[in-house]
Amino acid sequence: MQQQVNILTDTLGRKHNYLRISLTEKCNLRCTYCMPSEGVQLSPRQHLMNADEIYNIAKVFVANGVDKIRLTGGEPLVRKDFSEILKRLSTLNTTLSITTNGILVDRFIDDFKTYGLNNINVSLDTLNEEKFNHITRRDQFTKAYNNIHLLIENGFKVKLNIVLIKGFNDNEITDFIKLTKDLLISIRFIEFMPFDGNNWNKSKLVTQHEILEQTTHYFGANQLIKLQNEQNFTSRDYKIIGYKGEFGIISSVSNPFCDGCNRIRLTANGKIKNCLFSNNETDILTALRNQESIENYIAKAIYKKLPVRGGMDSFESFNDPKKHSKNRSMITIGG
Ligand code: SAM
Ligand code: SF4
């Protein structure tokens, strides 16, 4: 194995300072693009990281250069010991953020404030209640919608995640952007990605190109400002002149951003995934429980990271289901 300067730097020199921790495989919604209709095989409880283990693993990552942690899932807020986990992670020297469906957010406003969790991404794929019930297979639209406003009123930095699916919500693109006229939020359109059991196919994809085409057609090309990409960006961001908020496009399928990837994922059952699209996993929970050095395992996981989308290096590779259907379902990865 080639000598690595730092265990979080891969063979292409990409530094992984951003750890996304999935706290649970469970969820209070059943989004069709994330959770297969038959559900998923949940890990036995004893195979999941407990609060101490999450903290201890995160501490090793932080000691090696991680300075940004995002909590995700499944739905991270369904975890009974969420507040305890947040409290412990807040003692590490990182920024803290969360991706949530928003349903339980009102119960945690005080905890978010106390422990410095300010960046909150909420998933909401439609502004129409019936469509929400259809895509999530649950009837919690009002709760999700009101909680988004509650977060904004409380001064959190809110981003809305929208997975676009052709024929389902691509007719709401401009409605979502119109929300940014008066609300200081960031809308992020995410290209629908293939995972085990989510019935993905290319015809359901709404590409970056199509999103921009619709937007410029509706608002006028001269009303659209391209914003500077953030460092290690996933989202290419824009703004409509005079609007308070902004919008962005996460084009993982049609226009990937792997060159600047700084993300590493830890699943709820303690496996490192070095790429969302990779089915290669490294078990660090077992190593931790065996009191081995987990740094060696982290180094191996980073070393194996491929240049682009876990090996799916062209748009054409999405034509071959064998290449993308052997990955976990998204709900058990942590998006
Ligand atoms: N439950 C939380 C939520 O929904 O925000 C966190 C977990 S969810 C797996 C994280 C993100 O992954 C969400 O924004 C969700 O929309 C996104 N996601 C899930 N399946 C996806 C897919 N097939 N393609 C693109 N994004 C997906
Ligand atoms: Fe649950 Fe989030 Fe997956 Fe929807 S996208 S099923 S809310 S984990």
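Counting convention: from 1, in listed order, for ligands and their atoms alike.
Atoms of ligand 1 lying under 4.0 Å from any heavy atom of N101, numbered from 1 in the order shown and given with element: 2 (C), 3 (C), 5 (O). Counting atoms of ligand 1 from 1 in the listed order, those under 4.0 Å from a heavy atom of G73 are 7 (C), 9 (C). Ligand 1 places these atoms under 4.0 Å from at least one heavy atom of F195: 22 (C), 23 (N). Within ligand 1, the atoms closer than 4.0 Å to a non-hydrogen atom of V163 are 16 (O), 25 (C), 26 (N), 27 (C), numbered from 1 in the order shown. Atoms of ligand 1 lying under 4.0 Å from any heavy atom of T72, numbered from 1 in the order shown and given with element: 6 (C), 7 (C). Those atoms of ligand 1 with a heavy atom of I190 less than 4.0 angstrom away are 25 (C), 26 (N). Every atom of ligand 1 with a heavy atom of N161 under 4.0 Å away is listed here by number and element: 14 (O). Near C27, meaning under 4.0 Å from one of its heavy atoms, ligand 2 places the atoms 1 (Fe), 6 (S), 7 (S), 8 (S).
Proximity of T100 to ligand 1, defined as any heavy-atom pair under 4.0 Å, is confined to the backbone N, CA, C and O atoms. The proximity of T99 to ligand 1, defined as any non-hydrogen pair under 4.0 Å, involves the side chain as well as the backbone. Proximity of C31 to ligand 2, defined as any heavy-atom pair under 4.0 Å, is shared by backbone and side chain alike. By the criterion of a heavy-atom distance under 4.0 Å, neither the backbone nor the side chain of W200 is placed next to ligand 1.
Between K87 and D111 no salt bridge is recorded (no basic side-chain N to carboxylate O distance below 4.0 Å). Between D175 and K178 there is a salt bridge, with a side-chain nitrogen of the basic residue lying less than 4.0 Å from a carboxylate oxygen of the acidic one. Contact check on R14 versus D10 returns a salt bridge, with a Lys/Arg side-chain nitrogen under 4.0 Å from an Asp/Glu carboxylate oxygen.
Cation-pi geometry between K300 and Y303 is not satisfied (NZ or CZ under 6.0 Å from the ring centre, within 45° of the ring normal).
When the heavy-atom distances from atom 19 (C) of ligand 1 to K26, R20, M193, M330 are ranked, the shortest goes to M330. Around atom 3 (C) of ligand 1, the closest heavy atom drawn from S123, C27, C34, G102 belongs to S123. The heavy atom nearest to atom 2 (C) of ligand 1, out of those in M35, K204, E75, is found in E75.
Using cut-offs of 30° and 60° on the angle between ring planes, the pair F195 and F277 is parallel. Relative orientation of the Y238 and F247 rings is parallel, given thresholds of 30° and 60° on the angle between their planes.
Using 4.0 Å as the threshold, S123 has no heavy atom nearer than that to any atom of ligand 2. Taking a 4.0 Å cut-off on heavy atoms, G74 registers as neighbouring ligand 1.
Of all heavy-atom pairs spanning N169 and L164, the tightest one is OD1-CA, 3.4 Å. Taking each heavy atom of N28 and R138 in turn, the nearest pair found is O-CG, 3.6 Å. Shown here for T180 and E246, the closest heavy-atom pair between the two residues is CG2-O, 3.4 Å. Residue E53 comes nearest to L48 through the heavy atom pair OE1-O, 3.8 Å, listed as atom of the first residue, atom of the second, then distance. Closest of all the heavy-atom pairs between R236 and Q208 is NH1-OE1, 3.6 Å. Closest of all the heavy-atom pairs between L29 and M35 is O-CE, 4.3 Å.
Taking atom 3 (Fe) of ligand 2 as the reference point, the nearest protein heavy-atom neighbour is C34 SG, 2.4 Å.
At a 3.5 angstrom cut-off on N or O pairs, N198 counts as close to ligand 1.
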